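Worksheet for the structure shown next.
Because the structure is a prediction, the values reported are computed rather than measured.
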Amino acid sequence: MARLVMKFGGTSVADIDRIRNVARHVKREVDAGNQVAVVVSAMAGTTNQLVEWTRAASLLHDAREYDTVVAAGEQITSGLLAITLQDIGVNARSWLGWQIPIRTDSAHGVARIADIEGAKLIERMGQGQVAVVAGFQGIAPDNRVSTFGRGGSDTTAVALAAAVGADRCDIYTDVDGVYTTDPRIVANARRMPRIAYEEMLEMASLGAKVLQVRSVEMAMVHGVRTFVRSSFTDPDAPELKNAAEPPGTLICDEDEIVEKQVVTGIAYSKDEAQISLRRVADKPGVAAAVFMPLAEANINVDMIVQNISEDGSLTDLTFTVPIADFDRSQQVLEGAREAVGYQAIQGSTDVAKISVIGIGMRSHAGVAAQAFEALAGRGINIRAITTSEIKISMLIDASYTELAVRTLHSLYGLDRN
Ligand code: ASP
Ligand code: MG
């Protein structure tokens, strides 16, 4: 017997038939003797519709009322799943964020979980009742519903798993795991049986869209073994019953990974824009004069490249910002022009960030050099580079994205043979 949290995303609960299918996945685990809590997203498309309505009502709306509206999608699916479970003879009850409660901070619309009381759920689960929890929502200190930012049900699931001491958090989605890169770009990308928390955090932060970044952080901090798997398989398929490791990807501690590779995955993102400040004075305080106003405007700067000037007078400063903040960043920098003392701003939204990720880089030399050489061989120019101990990111022209991803994927031997 195990205690499990099972999470189902929007495409997995897109209509009543899909919800019935989810109920059968849940029943399988209950019949196997497990204690189960389920977390559901809203039906695919619902949250987009709700967000649109709040915008149509008023572009400058109250964030508390935004939360009242967008939290509704998960309320619907939690009730519907409880009904379909009861319908097939499984004891089940729905739970909204405030009923558990899942307490958050006061940042309506992008709230962070502060604390989850697991006791009541554990008691019900112990009595054999499945807890069907509405994802993406909690209760803020003002006693009002709060939501976690798009994709937040993943975070509900992992946080709940930590709070009830679950043996595993299963994230059921429309793909059957985490791949070495986007299979839409590289047809022979491989599903990874296991990936370390740190690597998954980089993959998610750098563009892989399987899991909300915050949920991976949470899994890493609390050591929640998180298993990404498909809800589109037959719930009663023999290979899912009592299988030690059914098809999927386990996100776990690196000690649990036997076959270690130097590079585990290639991620890409077209969500960033490049900004270059030309002929900036090369003196103390310049970087602060550039980045403080951006930080104050809540703009998240990612890659930063600065040259050392030849004669100690003028240099260039290049960095990236989210594409959505591109115009605003330029306005902020125009405002800081006097204080910084640069001569020109140049920018481009036509860029992509390609990242090579792997824990093995910590102990292997030459991984970056190989990437640079391979991209050069394809005539791809690198505009900027940043690294951490387990990743290398390169900014290139967006039109080369697919070519760069394919080149690097085969360079590090990730292609399925
Ligand atoms: N329904 C919310 C969204 O679409 C939360 C989630 O699906 O994880 O962002
Ligand atoms: Mg999702």
Side-chain angles (χ1 to χ4, degrees), residues 5-7 9 37 39 41 97 100 102-116 118 133 135-138 140 146-173 175 177-179 192 194-229 248-257 264-265 267-269 271-272 295 298-303 320 322 353 355 357-359 361-362 386-391 393:
V5 170
M6 306 171 73
K7 184 258 168 179
V39 173
S41 290
I100 294 176
I102 297 177
R103 292 189 212 291
T104 72
D105 62 14
S106 55
H108 282 280
V110 287
R112 281 181 173 270
I113 297 177
D115 168 60
I116 299 183
V133 177
F136 180 56
Q137 56 169 270
S146 51
T147 65
F148 305 161
R150 300 305 306 271
S153 301
D154 292 336
T155 302
T156 303
V158 175
L160 197 69
V164 302
D167 297 282
R168 209 175 64 217
C169 180
D170 282 357
I171 306 275
Y172 286 81
T173 178
V175 291
V178 182
Y179 279 71
M192 303 178 233
R194 294 183 175 207
I195 181 171
Y197 294 121
E198 288 88 343
E199 291 172 323
M200 190 62 222
L201 189 56
E202 294 285 5
M203 290 284 277
S205 315
L206 295 168
K209 300 227 154 75
V210 221
L211 288 175
Q212 200 199 31
V213 176
R214 234 186 243 180
S215 70
V216 186
E217 269 167 19
M218 181 91 69
M220 183 161 98
V221 170
H222 296 283
V224 176
R225 300 169 82 248
T226 302
F227 189 56
V228 179
R229 56 192 298 183
T249 299
L250 182 69
I251 305 162
C252 58
D253 196 278
E254 65 173 298
D255 295 342
E256 282 196 71
I257 298 173
T264 47
Y268 70 94
S269 164
D271 300 337
E272 284 180 40
N298 238 323
I299 293 168
N300 230 328
V301 174
D302 179 29
M303 306 175 99
T320 60
K353 184 175 66 175
S355 304
I357 297 147
I359 268 184
M361 273 182 224
R362 283 188 195 136
T386 50
T387 64
S388 79
E389 52 169 5
I390 68 164
K391 72 118 200 272
S393 294

Donor-acceptor under 3.5 Å (Y197 side chain, V221 main chain):
no
Only counting residues at least two apart or in another chain, list the ones meeting side-chain contact (heavy atoms from CB on, under 4.5 Å) with A166.
V5, A161, V164
So do the side chains of S393 and M303 get within less than 4.5 Å of each other, counting heavy atoms only?
yes
Between E254, E389, K391, which is the residue that forms a side-chain contact (heavy atoms from CB on, under 4.5 Å) with I359?
E254
Give, for atom CD1 of I390 and atom CD of E199, the distance between the pair rounded to the nearest 0.5 Å.
6.0 Å
Do the non-hydrogen side-chain atoms of M218 and T155 ever get within less than 4.5 Å of each other?
yes
By salt bridge (Lys or Arg N to Asp or Glu O under 4.0 Å) - contacts of E272 (at least two apart):
K353
Side-chain contact, heavy-atom cut-off 4.5 Å: F227 with M6?
no
Check the pair L211, I251 against side-chain contact (heavy atoms from CB on, under 4.5 Å), reporting the backbone distance first and the verdict last.
CA-CA 11 Å; L211 288 175; I251 305 162; 3.4 Å; yes
M220 CE to T226 OG1 distance, which is reported to the nearest 0.5 Å
12.0 Å
Minimum heavy-atom distance between T104 and F148, given as atom pair plus value
CG2-CE2, 3.5 Å
Taking all non-hydrogen atoms of both residues, which atom of S153 and which atom of V39 are closest, and how far apart?
O-CG1, 3.8 Å
Ion pair present between D154 and K7, side-chain N to carboxylate O less than 4.0 angstrom?
yes
